[in-house]
J.: 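Submitted below is the structure of interest, expressed as structure tokens.
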2 protein chains.
Amino acid sequence: MHSSEDTRQRLIETAGPIFAEKGFRATTVREISERAEVNLASINYHFGDKESLYLATVHHAGLTCQQRIPLPEWEPGTPPAQKLHGFITVFLNRVAVDHEPVWIGQLITRELIYPTRACEHFVREFARPNFEMLDQILCELLGPDVPPTKRQLVIFSIIGQCLHYRFCRPVIHALLGPEEFAKYNVELLSNHITAFTLAALATLRRDERTIEVPS
Amino acid sequence: MHSSEDTRQRLIETAGPIFAEKGFRATTVREISERAEVNLASINYHFGDKESLYLATVHHAGLTCQQRIPLPEWEPGTPPAQKLHGFITVFLNRVAVDHEPVWIGQLITRELIYPTRACEHFVREFARPNFEMLDQILCELLGPDVPPTKRQLVIFSIIGQCLHYRFCRPVIHALLGPEEFAKYNVELLSNHITAFTLAALATLRRDERTIEVPS
DNA sequence: GAGTGTATCAAACACTTGTTTGAAGTCAAC
DNA sequence: GTTGACTTCAAACAAGTGTTTGATACACTC
């Protein structure tokens, strides 16, 4: 007889990759219990039902993600451009590229696109902190005069660029071919997205000023 | 007795929204046949099996999308910045926002993220033409000296910004609240993404030149 | 060592799934 | 009117689904 916690943990870590690959619906409790080498009834015994196991798995994914790749903390006085680069690198590592364990990023993005009942918890614990950290960085970059609506659009432009390499990974692979695709590591993408964004902000900030203080 | 083509068409148009909302696996042939008001066996009779109906639905979605919102054609001499704005507007209308009929964009993006056997056809007929049109516009915008790898990254930055409003729609809604979210129409998004991209390209082009022709 | 709470196990259960079947209906051609 | 090809229909089928059950095995307490 094993401890209850052992079996729970083994079920979660076995179910994670399967849920991430196939989604909740297409995953069967039989496959999970066989791969975890536990009895079929264990899932219901320890979690109640399949959905509760799924929610526990998503929760575990979020926690593990934040532990393994924490949001950076900066010394006071760190230039905001450097902060932006740090944030984008962390974000790409977290969800956009295949960081070990692979399934965590996959499961999180699955929840992003087709939210289940885990959604509220997810926005609160995951999306919102990222959103606000980016907003803070943009405040420093753009100054206080830029309206919040504009900052929001810029935030989504940044996140959108990062997530694209997760969502459309199969299509990108098909478009570029395997050898070109292999070059796309975190560093390359992070440098590009940071440079692209900073370049855009530089021009936007200049335009913003010319609008506010016309010639 | 109805004509064979009538029933086929009705099945496709009924199945489309359901597949788009729930995905292939979670959609049942019983729901489709009931909503289409045809007999349960009709799906197998007319399409062979459920998967063939799905493939036909995806195919129909792609065709409808290209017919209703065709890629723009421009007079010779049209400034590339204007082309870029036109392209982004079309792309947002096609997949990113809820253009009627809603399910077409949803189904297409579903296929983008979790490609099924319809994927190859999809890249060839849909993704590749968009990719090459954007590449052409960027050639005009950036000049011939910018390496293809750089153009690819810019393309993905543009597409990523657009698709984000489709993929992360629920999260964006949760982050902003309904009243702020309601402001996000195609025009606003298209203007922002175009301005953001052109601003970035302006700076990148300048840097590219300074690197190539140092002081 | 009997008793107790807990975890595991094989088997069965109730239900849903996609698919098949054979009869019945429908329309056009002859 | 009969034939024949095509379509629809209700019913059944076989396989797979999540869940429940009652028995069994284990570790610990008294």
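Just so it is clear, the values below take in all heavy atoms, side chains as well, and ignore hydrogens, waters and symmetry mates. In what follows, every chain begins at residue 1, and chains take the letters A, B, ... in the order their sequences are listed.
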J.: Could you list the residues that satisfy salt bridge (charged side-chain N to carboxylate O under 4.0 Å, His left out) with K83(B), not counting sequence neighbours?
T.: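 If we apply the salt bridge (charged side-chain N to carboxylate O under 4.0 Å, His left out) test to K83(B), skipping adjacent residues, the hits are E140(B).
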
J.: Roughly how many Å is it from CG in L11(A) to C1' in dG18(D), rounded to a whole number?
T.: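 Going from CG in L11(A) over to C1' in dG18(D) covers 15 Å.
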
J.: Just to be sure I understand the geometry, which residues of residues 45-52 of chain A put a non-hydrogen atom under 4.0 Å away from DNA chain D?
T.: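 D49(A), K50(A), in order of number.
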
J.: Round to a whole Å and report the spacing from CD of E31(A) to C1' of dG18(D).
T.: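 E31(A) atom CD is separated from dG18(D) atom C1' by 15 Å.
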
J.: Can you see whether Y184(A) engages Q152(B) through a side-chain donor-acceptor pair at a distance of less than 3.5 angstrom?
T.: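 On atom types as modelled, these side chains qualify, holding a pair under 3.5 Å.
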
J.: Return the value, rounded to whole Å, for the distance between atom CG of N44(B) and atom C1' of dT17(C).
T.: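 Rounding to the nearest Å, CG of N44(B) and C1' of dT17(C) are 12 Å apart.
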
J.: Less than 3.5 Å apart, any donor N or O on the side chain of S52(A) or D49(A) sitting next to an acceptor on the other?
T.: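 Present: a donor and an acceptor within the cut-off.
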
J.: What pairs with E51(B) under salt bridge (charged side-chain N to carboxylate O under 4.0 Å, His left out), at least two apart in sequence or on another chain?
T.: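 For E51(B) the salt bridge (charged side-chain N to carboxylate O under 4.0 Å, His left out) partners, ignoring immediate neighbours, are R117(B).
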
J.: Assuming nearest nucleotide by heavy-atom distance, tell me which of A26(A) and E5(B) is located more 5' along DNA chain D.
T.: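 Per heavy-atom nearest nucleotide, the more 5' residue is E5(B).
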
J.: State yes or no: are the ring centers of H164(A) and H164(B) separated by less than 6.0 Å?
T.: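 Ring centroids of H164(A) and H164(B) are no less than 6.0 Å from each other.
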
J.: Could you state the atom-to-atom distance from CG of D6(B) to C1' of dC27(C) in whole Å?
T.: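 The answer, rounded to whole Å, is 14 Å.
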
J.: Please encode protein proximity along nucleotides 9-16 of chain C as a string of B, S and -, counting only heavy-atom distances under 4.0 Å.
T.: BB-B----

J.: Apply side chain to side chain donor-acceptor pair (under 3.5 Å) to R8(A) and list each qualifying residue two or more places apart in sequence or on a separate chain.
T.: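 Residues passing side chain to side chain donor-acceptor pair (under 3.5 Å) with R8(A): none at all.
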
J.: Tell me: CZ of R10(B) to C1' of dT7(D), nearest whole Å?
T.: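 After rounding, the reported distance stands at 13 Å.
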
J.: Test of understanding: with side chain to side chain contact (heavy atoms under 4.5 Å, CB included), list the residues that count as partners of A96(B), not counting sequence neighbours.
T.: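 With sequence neighbours excluded, A96(B) shows a side chain to side chain contact (heavy atoms under 4.5 Å, CB included) to L92(B), given in chain and number order.
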
J.: Under a 4.0 Å N-O cut-off, is there an ion pair linking E31(A) with K22(A)?
T.: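 Looking at K22(A) together with E31(A), the answer is yes, because their closest N to O distance falls below 4.0 Å.
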
